[in-house]
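Okay, so here's the structure we're looking at.
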Amino acid sequence: MQIQLNGEPTQIPDSCSIEQLLERAGLGQRRVAVEVNREVVPRSRHGEHLLAEGDRVEVVHALGGG
């Protein structure tokens, strides 16, 4: 199925969770915030939140510093 990932069309397998998407993108161990269709999905729900055709997913990397 196709989603928008950070504004880019992206093909992912059916029944793909946010957690699986992050693993595929090499971000599984990174601290990121994920928004699906303009709603923030808590990290605790990444494994259970399944993506759907046409979802708009934004992944934001946490930056450190002061």
Side-chain angles (χ1 to χ4, degrees):
M1 75 178 151
Q2 186 166 329
I3 64 167
Q4 291 284 322
L5 177 59
N6 291 344
E8 297 293 325
T10 303
Q11 281 293 128
I12 61 171
D14 291 343
S15 301
C16 185
S17 69
I18 293 173
E19 184 176 70
Q20 292 167 324
L21 175 67
L22 293 175
E23 287 293 330
R24 291 173 55 90
L27 300 171
Q29 302 303 316
R30 302 275 314 261
R31 293 188 72 114
V32 296
V34 179
E35 185 180 277
V36 178
N37 301 324
R38 297 188 169 184
E39 285 192 33
V40 174
V41 179
R43 186 173 182 87
S44 62
R45 296 197 52 233
H46 287 183
E48 65 191 47
H49 187 107
L50 298 180
L51 298 167
E53 179 77 30
D55 276 350
R56 294 181 176 276
V57 181
E58 297 292 328
V59 178
V60 180
H61 302 267
L63 298 177

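Just so you know, residue 1 is the first one in the sequence shown, and it goes up from there. This one's a predicted model, so the numbers in the text were calculated from it and none came from an experiment.
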inquiry  = Counting only heavy atoms not in Glu39 (residues, nucleotides, ligands), do more than 12 fall under 6.0 Å from its CD?
reply    = no

Report, one line per pair, each donor and acceptor closer than 3.5 Å where one atom sits in a side chain of residues 16-26; sequence neighbours left out.
{"unit_1": "Ser17", "atom_1": "OG", "unit_2": "Glu19", "atom_2": "N", "d": "3.4"}
{"unit_1": "Ser17", "atom_1": "OG", "unit_2": "Gln20", "atom_2": "N", "d": "3.1"}
{"unit_1": "Ser17", "atom_1": "OG", "unit_2": "Gln20", "atom_2": "OE1", "d": "3.4"}
{"unit_1": "Gln20", "atom_1": "OE1", "unit_2": "Ser17", "atom_2": "N", "d": "2.8"}

Check: Gln2 main-chain N/O paired with Glu53 side-chain donor or acceptor under 3.5 Å = yes

Which residues share a salt bridge (Lys or Arg N to Asp or Glu O under 4.0 Å) with Arg45, sequence neighbours left out = Glu48

request  = Drop me the distance from Arg56's CZ to Leu5's CG, to the nearest 0.5 angstrom.
outcome  = 12.0 Å

Side chain to side chain donor-acceptor pair (under 3.5 Å) involving Asn6 - partner list, sequence neighbours excluded = none

message = In this structure, would Val40 and Val59 fall into the same cluster of hydrophobic residues linked by side-chain contacts under 4.5 Å?
response = no

query = Looking at Asp55, Asp14, Thr10, which one forms a side-chain contact (heavy atoms from CB on, under 4.5 Å) with Met1?
reply = Asp14

request  = Please report the closest heavy-atom contact between His46 and Val34, naming both atoms and the distance.
outcome  = CE1-CG2, 3.6 Å

